[in-house]
Structure formats: structure tokens, C-alpha cells
Amino acid sequence: MEEIKKEEEKSLNFIEEIVEEDLRSGKNKNILTRFPPEPNGYLHIGHAKSICLNFGLAKKYGGKTNLRFDDTNPVTEETEYVDSIKEDVRWLGFEWANEFYASDYFDQLYEFAVTLMKKNLAYVDDSKSEEIAAQKGTPTEPGKRNKYAERSIEENLQLFTDMRAGKYADGEKVLRAKVDMTAANMQLRDPIIYRIKHAHHHRTGDKWCIYPMYDFAHGQSDSIENITHSICTLEFVTHRPLYDWFIEHLEIFPSKQYEFARLNMTFTVMSKRKLLQLVNEKFVSSWDDPRMPTISAYRRRGYTPESIRKFADKIGVQKRENLIDLSLLEFCIREHLNKIAHRKMVVFDPLKVVITNYTDENEIVVSENNPEDEEKTTREIPFSRELYIEKEDFMENPAKKFFRLAPGQKVRLKSAYIIQCEEVIKNADGSIAEVRCIYLPESKSGADTSGLKVQGTLHWVSVKHAITAELRLYDRLFKVQDPSNEEGDFKEYINPDSLQIISTVYAEPSLKNAKFDERYQFLRKGYFCLDKDSSEEKMVFNRTVSLKDTWAKELKK
RNA sequence: UGCCUGAUAGUAUAAUGGUAGUACGACAGAUUUUGAUUCUGUUUGUCGAGGUUCGAAUCCUCGUCGGGCAACCA
């Protein structure tokens with residue numbers, strides 16, 4: 001009871017506080033949020049934060065969320081991205097009330113521009129791009145308005161009509177809002193709101209050759225949809241006065257913009273531009289290469305939607321710049337996988353063990369699928385005289401505190417017997433060929449009458465029953481905590497060992513039935529899932545995340 | 001040297017004038033047929049200087065430091 005109460009009293013983030021106040025005061029009867037991606041790249045974990053915020057807020061307060069594609073720049077946007085974004089949002093577990101596109105509103109937006117011109121609040125400017133930039137001034141010097149701002153309403157209307165009709169080439173003219181060239185906030189220095197682009201749009205085709213800019217599309221789209229809380233990242237703070245200015249002068253529904261700090265994560269880059277470079281320049285194989293921080297990559301790698309939502313919840317929502325520890329994300333996925341993943345025994349780097357006093361031909365041992373699971377389901381594993389264990393689980397001259405197999409030392413074979421090492425057989429070159437052991441028949445798991453306690457338990461597979469698979473082990477993509485903040489190109493800091501492929505590992509036979517939507521814990525190794533590159537002939541597994549390994553830490557000391 | 005923002009343990013995040021708490025990490029220990037999980041403990045913090053107040057992370061003043069803003073990108 002106490003616990004539950006604590007959970008309910010969890011403090012609100014600053015946006016939840018605003019929403020609660022707006023609901024309490026009656027400013028809003030319901031809330032409506034939106035998630036507004038531009039379809040020019042794949043969604044990443046930073047977007048996941050935004051998705052969880054927008055959809056989570058609506059869910060919590062009984063409102064709804066629209067998915068709206070911010071597709072006002074035809075040259076970078078593609079349908080491929082639209083599809084991947086929808087898949088990712090759904091996979092994360094969210095349902096949108098409506099699927100909209102900023103391009104749905106192009107006619108309306110055009111009318112808004114006409115309205116502004118009629119109010120003498122917008123004008124067609126013939127200046128070149130560089131001229132406009134120069135006239136804008138600098139943060140410390142005010143800008144200057146040019147002669148085009150003097151054009152009559154009629155002339156502006158005519159020119160804008162001509163722009164739409166395709167009478168001008170790209171860049172020849174723009175439509176600007178007439179706000180304030182001397183404003184301290186540079187966003188207000190007569191921002192461009194329409195530009196000419198003779199480009200094919202992924203939805204409207206060739207209907208338009210003029211396209212609205214972000215500032216003249218986003219807020220208006222919010223307003224058209226009656227979005228109550230329009231949540232975006234911090235870099236748009238300086239745009240907010242403009243956002244409000246358009247709404248005020250167009251006299252349309254007053255959506256409100258609120259800003260939070262975007263997610264940064266250690267050993268990761270999070271800009272779509274940089275991620276696109278990684279893909280295009282082949283540093284990774286694709287947008288969903290499991291080393292990428294994209295949602296599709298996490299999905300392929302074996303992350304669960306639950307774990308990502310949990311992560312989003314734990315990092316919170318704030319306005320301060322942040323750099324989240326990757327280990328927090330890893331904690332979240334380990335926590336979930338520990339509960340749901342079935343255990344399997346897989347030997348990565350085999351060392352043959354022969355049990356000299358073992359003669360049974362067909363023994364089957366039984367092992368639990370998941371000790372965390374309430375329902376204690378089990379599976380059968382064939383045992384035999386010749387087994388594989390990990391090379392690293394044997395030391396001829398054991399280090400201090402080495403609890404595993406060594407000459408004369410005893411270990412437990414998981415779910416089977418205690419064995420004792422009797423002899424080490426070597427190859428001509430001095431390397432270890434195999435290890436000979438004896439087993440203790442009375443030590444069988446579940447029926448152990450030996451009275452012995454051993455410190456180590458090893459995973460193993462029967463040589464003649466083992467099946468093989470390929471493993472892909474992933475490490476962080478960058479060598480440094482904050483690649484974007486280092487000197488030079490961020491790509492110089494790519495970790496050359498971010499992908500390790502083990503072409504053949506030996507697994508217990510039950511892994512043959514592995515399914516794409518299931519997660520596995522390879523005992524003492526890590527969490528794995530079947531990769532889409534698997535075929536009838538070859539199973540391929542991705543390591544989602546390793547298990548914590550305090551022994552490896554001990555060795556480093 | 002303009003405008004806008006922000007500053008609490010290593011990293012995040014609470015405390016909304018009244019005991020600076022939580023999580024991750026790190027470290028130590030207990031349990032363990034996974035050196036996993038679980039459990040216990042330890043560690044480290046209010047950017048600085050003034051002020052208001054019985055009392056300040058919180059309010060005020062002045063600094064310092066970080067981030068953003070000068071794309072026909074979003």
C-alpha cells in the first residue's frame with residue numbers, strides 16, 4: 001500500500017504541471033498533442049523520448065495524439081521514411097488518433113499567406129539569398145528592411161500568385177513576414193515564409209512549386225488540428241514569439257508551444273545528419289544496423305518497447321542540457337530481459353571435456369527456462385560423455401579466486417553433474433586439446449546426495465548434439481563519451497571493434513526452435529535474439545546486451 | 001558581447017520557504033546450480049558572493065559557467 005502510494009505521488013515534470021494547471025483552470029477541457037517528425041530519416045532514441053512524452057501525456061490525461069509528418073521540404077523527404085516512422089511509433093506501443101501531413105494543409109497555408117499580405121504583414125522579396133542574410137544584421141546589430149518591403153498589397157498578391165503559377169525560378173523570389181527587422185530575436189527579422197522549389201513532393205506531386213517554411217507550417221498545422229500543447233525541443237525557444245505572432249495575426253486557434261531538452265547519450269551521436277553520414281559512408285550497414293541508436297536498430301538488436309519506454313520514463317523531462325549514461329539504457333533492457341528471456345546454453349569458444357567414467361548413451365537433463373518466471377517451465381537437454389565448455393572456463397594454472405575448472409578442481413555443470421578435472425591433454429604445439437574429467441554420479445542436479453559444495457557452475461553443450469549458429473556481438477559505436485563535442489570530425493572517434501562476429505558457436509539443440517519475437521539469455525553470456533539475416537542453413541543471433549560480468553572486472557584489476 | 005535559456009553527487013532526476021531524497025554507476029559484503037538475478041551497506045551534491053527570513057536548493061541582487069539564435073533546413 002505504502003509502495004503504491006509512493007508510485008502515485010511520483011512528482012510531475014514541468015510539462016505535466018502545465019497540463020494539470022490548464023485542465024484545472026479550464027483553459028483546456030481535453031488535451032491534444034502531436035508527434036511531428038520530418039520524414040527525412042529514421043527515428044532515433046531521442047525521438048523515442050519525444051514520442052513517449054507526447055503520447056504519454058495524452059494517455060495520462062485522457063487526451064489524444066496526432067501523428068503529423070512535417071513534410072514541407074520536398075527535396076529531402078521520402079515515403080520510405082514515412083513508413084519506417086509509422087512502424088517505429090507503433091512498435092513503441094502508441095496509437096495515433098489521426099495521421100496527418102503538413103502537406104495536407106498546403107491550400108490552407110496558402111490562404112493564410114494571402115491573409116497576411118492583405119493585412120500588409122507579408123511581402124514578396126526579390127533579393128538574393130546572400131542579400132537577405134546580409135540585411136538581417138547580426139545578433140548585436142539590427143537588420144535593415146529593403147525596398148521590397150514597400151510593395152503594395154496588390155503587387156504582393158499578384159507576385160505571390162505568379163510565384164505559385166511557376167513564373168519564377170527557384171530562389172528568384174520569396175515571401176517574407178513583415179515583423180520587425182530590428183528585433184533582438186533574430187527569428188523575428190522578417191522571416192522567409194514561402195520559397196520557390198520546383199521539386200516533386202512525395203504526396204502532393206507536382207501540384208506546388210512554392211513550399212512554406214517550418215515557421216509558417218508548424219504552428220499553423222498545430223492550430224488547424226486544435227493541438228493544445230505543442231511540445232518541441234529547446235532549439236525552438238527563439239521561434240516561439242514567431243509561433244505566437246502568426247497565430248495572433250491569423251486569428252486562429254491558439255496552440256501553445258513548450259520546449260524540453262533533447263536527449264543526448266554517451267558514446268552516441270544523435271543527429272539525423274550524422275546518422276545519415278554513417279549509413280551513406282558505410283560505417284554501418286544500414287539505418288537498422290544494430291549499432292545505430294535508431295529505434296529500428298534497437299528493435300533489430302533485441303531491445304523491447306517496454307525497456308525503451310521505461311528508459312524514457314527514468315530520464316525524465318527537463319530544460320537543462322543532459323548527457324545520459326548509456327548504462328542506464330542497458331540497465332533498462334537487462335531488467336526487462338531478465339524477466340522474459342528463456343535461458344539457453346551456448347558455448348562461444350569450445351574446449352572439449354571428456355568424462356572418462358561416464359557411459360550412459362542417452363541421458364537427458366532438465367533445466368528451468370527462466371528462474372525469474374512464476375511458471376517454472378523447463379526444457380530437456382541431452383548430456384553425454386563428450387562436452388564443450390568455454391575455453392575461458394578452464395585454467396591450467398588457475399588465478400586467485402578462479403572458481404572454474406582447473407586440474408584437480410571441481411565445478412558444477414549447470415543442471416547436470418559435478419565434475420573434477422583429472423588430466424589435461426595437449427597438442428604437439430603445447431596448446432590444450434582436451435580436458436579429461438570424472439563425474440560424480442550422486443551429484444546430479446535436483447538429486448544431489450554428494451554433500452559437496454562447489455563454487456563454480458559452467459554452461460556446456462554435448463558435442464554430438466550441439467547445433468551451430470553465428471553470433472554478432474556489438475559494442476558502443478564510438479570510443480569517446482561525447483563524439484560530437486570532440487575536436488575534428490566525429491567519425492574519427494568510431495570504435496573499430498564495435499562489431500565482433502563469431503561465425504560458429506555451439507548451442508544446445510533446443511535453440512533450433514528459436515523464434516524472431518523471442519528473447520534468449522545465453523547463460524553467463526548475455527541476451528540474444530534471432531537476426532533477420534538468419535536462413536534455413538544458418539541461424540544468426542544478435543547480442544542485445546551482455547550480462548554484467550564482475551569476474552571480468554576482477555581480472556582487469 | 002545583443003536576445004533567449006539553464007545550473008542539485010560521476011550521470012540523470014526529486015524536494016514548489018521547513019530533515020537535500022531516488023535511480024543508474026562505482027565500491028564492499030550476503031545469498032546463489034548463471035561470478036547473472038536478488039538483498040544489504042558505503043561513497044560523492046545544492047555554481048559563487050552578498051541579501052531577505054526564525055529558517056533558503058527554493059525568494060532578491062550581482063557575478064561565473066553551459067546551451068541555443070544570424071539556412072530559401074526542420
Side-chain angles (χ1 to χ4, degrees), chain A residues 6 10-11 13 17 36-38 40 70-73 75-77 125 128-129 132-134 136-143 170-176 183-189 191-197 210-211 213-215 217-218 232-241 259 261 266 272-273 314-332 334-335 338-339 343 345 367-368 371-372 401-404 411-416 418 443 445-446 448 453-459 481 521-526 546-554:
Chain A
K6 257 183 192 167
K10 194 184 167 222
S11 55
N13 66 49
E17 281 180 2
E38 183 189 10
N40 67 345
D70 224 336
D71 56 351
T72 56
N73 185 359
V75 301
T76 56
E77 295 154 6
D125 192 330
K128 290 190 165 52
S129 175
I132 290 178
K136 256 197 179 158
T138 68
T140 51
E141 300 161 48
D170 288 9
E172 217 174 305
K173 286 183 166 45
V174 290
L175 184 69
R176 292 228 254 169
N185 179 349
M186 300 212 43
Q187 306 302 144
L188 297 176
R189 322 248 259 229
I192 293 168
I193 58 177
Y194 260 96
R195 77 286 216 192
I196 300 170
K197 272 183 196 281
I210 56 171
Y211 292 93
M213 298 286 289
Y214 167 85
D215 285 306
H218 198 98
C232 61
T233 44
L234 249 27
E235 66 268 30
F236 294 104
V237 169
T238 51
H239 294 243
R240 194 190 330 124
E259 312 87 9
T266 55
K272 274 198 260 186
R273 204 192 94 248
K314 287 180 97 76
I315 61 178
V317 179
Q318 257 306 337
K319 298 186 86 142
R320 46 185 109 100
E321 290 296 317
N322 57 77
L323 182 62
I324 308 278
D325 245 312
L326 183 60
S327 62
L328 183 61
L329 213 212
E330 293 183 339
F331 167 80
C332 292
R334 282 194 186 105
E335 186 185 43
N338 178 45
K339 291 200 184 81
R343 315 284 126 125
M345 293 203 284
S367 193
E368 76 277 3
E372 306 289 320
K401 292 201 266 185
F402 184 78
F403 302 152
R404 308 176 185 181
V411 292
R412 158 79 59 187
L413 293 176
K414 174 71 181 173
S415 298
I418 292 173
S443 68
S445 279
D448 188 348
K453 281 237 187 284
V454 292
Q455 291 209 83
T457 299
L458 308 185
H459 62 281
Q481 287 231 13
Q521 185 198 99
F522 292 176
L523 223 63
R524 305 206 299 139
K525 287 296 192 180
S546 66
L547 249 33
K548 277 211 217 163
D549 191 347
T550 50
W551 172 243
K553 253 186 211 171
E554 185 71 28

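Every chain is numbered from 1 and lettered A, B, ... according to where its sequence line falls, protein lines coming before strand lines.
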[N] OP1/OP2 closer than 4.0 Å to side-chain N/O of [X]:
{"X": "A:R412", "N": "B:U32", "result": "no"}
{"X": "A:K548", "N": "B:U34", "result": "no"}
{"X": "A:R240", "N": "B:C69", "result": "no"}
{"X": "A:K319", "N": "B:G68", "result": "no"}
{"X": "A:S327", "N": "B:C24", "result": "no"}
{"X": "A:K553", "N": "B:C27", "result": "yes"}

Checklist entry - Has A:W551 got its ring stacked on B:G35, by the test of a centre gap below 5.5 Å and a plane angle below 30°? => result yes
What's the gap between [N] and [M] when it is taken at their [atom1] atoms, as a whole Å value?
{"N": "B:G25", "M": "B:G10", "atom1": "C1'", "result": "7 Å"}
{"N": "B:A15", "M": "B:G68", "atom1": "C1'", "result": "28 Å"}
{"N": "B:U40", "M": "B:A14", "atom1": "P", "result": "24 Å"}

Checklist entry - From B:U11, B:A14, B:A74, pick the nucleotide closest to the side chain of A:D70? => result B:A74
Checklist entry - Does any nucleotide pair with B:A7 by Watson-Crick or G-U wobble geometry, both distances under 3.5 Å, and what is it? => result B:U64
